[in-house]
2 protein chains.
Amino acid sequence: MAGDRPRVAPPQDVALIGRSTQQRATVLAALVTAEGFVSARALYNRLLNGGSPVGLSTVYRTLTALAAADRADVVRDTNGERLFRYRPGPDHRHYLICTECGLSLPVDSGPVEKWAERIARTSEFANVRHTVELAGVCPDCGRRHVRAP
Amino acid sequence: MAGDRPRVAPPQDVALIGRSTQQRATVLAALVTAEGFVSARALYNRLLNGGSPVGLSTVYRTLTALAAADRADVVRDTNGERLFRYRPGPDHRHYLICTECGLSLPVDSGPVEKWAERIARTSEFANVRHTVELAGVCPDCGRRHVRAP
DNA sequence: GATTGATATGAAAATCATTTCCATCTAGCG
DNA sequence: CGCTAGATGGAAATGATTTTCATATCAATC
Ligand SMILES: [Zn+2]
Ligand SMILES: [Zn+2]
Ligand SMILES: [Zn+2]
Ligand SMILES: [Zn+2]
């Protein structure tokens, strides 16, 4: 198995999670290209079809590491499956996600950040983190469902 | 197996999720008594030890039904496990939960509800729901960790 | 460019929460 | 008292994620 694997431009980010390997660059590139939330399995399949197979465990490891390094946002879909989305900037974001097609839009979370901070401050709790997700049906999917089963 | 199972006062709520059975009353009573978030398995064990065993599948079914009937709030812990908490009132709540001991406190969520509503309104999305959770380390658990591994 | 030790990979097996199956029970009603 | 739709529970199935461990490869050093 030498060398005929398509090289993907490894964004500098790869270095942030340890050694810079071919697989990590591939997974990261795929995540960036996805432009939305994807599951580990979906990414795995995408790479498989694309001719750049990466082991499923490696996909999981890479995505988990990216999330830990704040390079990816993570949400859980209704079945409890984890979905990952590449995050360009340093600050975390919150999204409005379509439960039908997965379309995700960052929302203005300023107010909710302030609220969370205030709660954290006035509580005696330490190291307070928050999870905020909005989910609904996007216009396209809604249109598609008018009077149809 | 006749009749020596301790009767638990079935809150009227049992009726809300179909037939009023002994098991559902038992599960609901245990959930109320828990006074915090519990997993299905934890509740199952509690009942087992308490001498009022209820099948695990039934525990799951009951908790799921209670949640669907807005009688319980649900969160996911860091491992993706679902935790349930009995909800006395009609309105949903959000909590500040201790990641160490599970202690959960309802927080004032007025501002975040308004925020979520505004986002929902200004987006074109339909049927928008939200998930909001705060998690940290409670005073007791924090104290317990000072300078200790 | 060869050596090498720390890391990373991946296929398969293991975990673990949750669901489904299905044979058996029972609440609720006439 | 029956009757039956709905409920139960133990076992088996499902499905995502993690672990295992033998093998491969990064990257620093000679
Ligand atoms: Zn959609
Ligand atoms: Zn935030
Ligand atoms: Zn605590
Ligand atoms: Zn709310």
Side-chain angles (χ1 to χ4, degrees), chain A residues 1-5 7-8 10 12-28 30 37-48 51-69 72 74-84 102, chain B residues 1-5 7-8 10 12-28 30 37-48 51-69 72 74-84 102:
Chain A
M1 314 173 170
D4 62 338
R5 174 176 298 168
R7 294 253 161 198
V8 284
Q12 0 17 11
D13 294 358
V14 185
L16 291 176
I17 56 174
R19 285 225 291 243
S20 169
T21 70
Q22 181 108 196
Q23 289 88 336
R24 283 176 187 177
T26 305
V27 172
L28 179 50
F37 283 93
V38 265
S39 67
R41 185 127 230 147
L43 219 45
Y44 169 81
N45 288 329
R46 205 166 294 192
L47 294 175
L48 198 58
S52 309
V54 173
L56 183 56
S57 356
T58 299
V59 172
Y60 268 107
R61 283 188 281 240
T62 305
L63 291 176
T64 303
L66 283 171
V74 189
V75 302
R76 283 193 189 270
D77 71 4
T78 41
N79 313 310
E81 192 174 14
R82 251 135 81 191
L83 305 179
F84 302 80
Chain B
M1 304 174 179
D4 63 338
R5 175 176 298 167
R7 294 253 162 198
V8 284
Q12 13 356 27
D13 294 357
V14 185
L16 290 176
I17 56 174
R19 260 191 211 168
S20 170
T21 70
Q22 181 111 191
Q23 288 89 334
R24 283 177 188 177
T26 305
V27 172
L28 179 51
F37 283 93
V38 265
S39 68
R41 184 127 231 146
L43 220 44
Y44 169 80
N45 289 330
R46 205 166 294 192
L47 294 175
L48 199 57
S52 309
V54 173
L56 184 56
S57 355
T58 299
V59 172
Y60 269 107
R61 282 189 282 240
T62 305
L63 291 176
T64 302
L66 283 171
V74 189
V75 302
R76 281 192 189 271
D77 70 6
T78 41
N79 313 310
E81 192 174 13
R82 252 137 76 189
L83 305 179
F84 302 80

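To find a chain, count down the sequence lines: A is the first, B the second, and so on, and within it residues start at 1.
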Worksheet entry | Criterion side-chain contact (heavy atoms from CB on, under 4.5 Å) on B/V59 and B/R41, from CA distance to verdict | CA-CA 8 Å; B/V59 172; B/R41 184 127 231 146; over 6 Å; no
Fill in: Polar side-chain contact B/R19-D/dA5 base: donor and acceptor under 3.5 Å
yes
Practice prompt. Grab the CG-C1' distance between A/D77 and C/dT18 for me, whole Å please.
Written response: 14 Å
Discussion item. Is there a side-chain contact between A/R24 and A/I17 in this structure, where contact means two heavy atoms from C-beta onward sitting under 4.5 Å apart?
Written reply: yes
Discussion item. Could you tell me if the side chain of B/L83 sits less than 4.5 Å from the side chain of B/V38, heavy atoms only?
Written reply: no
Item to complete: For the side chain of B/T58, starting at C-beta, report the closest nucleotide among C/dT9, D/dA7, D/dG9.
Response: D/dG9
Practice prompt. Would you indicate, yes or no, if C/dA8 has its OP1 or OP2 atom less than 4.0 angstrom from a side-chain nitrogen or oxygen of A/Q23?
Written response: no
Response to the item:
Atom CD1 of A/I17 and atom P of C/dA6 are separated, to the nearest Å, by 21 Å
Discussion item. Using side-chain heavy atoms (C-beta onward) and a distance below 4.5 Å, is B/V75 in contact with B/F37?
Written reply: yes
Worksheet, complete the sentence: Its contact letters, B for base, S for sugar-phosphate only and - for none at protein heavy atoms under 4.0 Å, make nucleotides 11-17 of chain D read B----SB
Worksheet item: When you measure from the side chain of A/N79 to the backbone N and O of A/E81, does any donor-acceptor pair fall under 3.5 Å?
Response: no
Discussion item. Starting the side chain at C-beta, find the nucleotide from C/dG5, C/dC21, D/dG6 nearest to B/R61.
Written reply: C/dC21
Worksheet entry | Test item: B/T26 side-chain N/O and B/Q22 main-chain N/O as donor-acceptor pair under 3.5 Å | yes
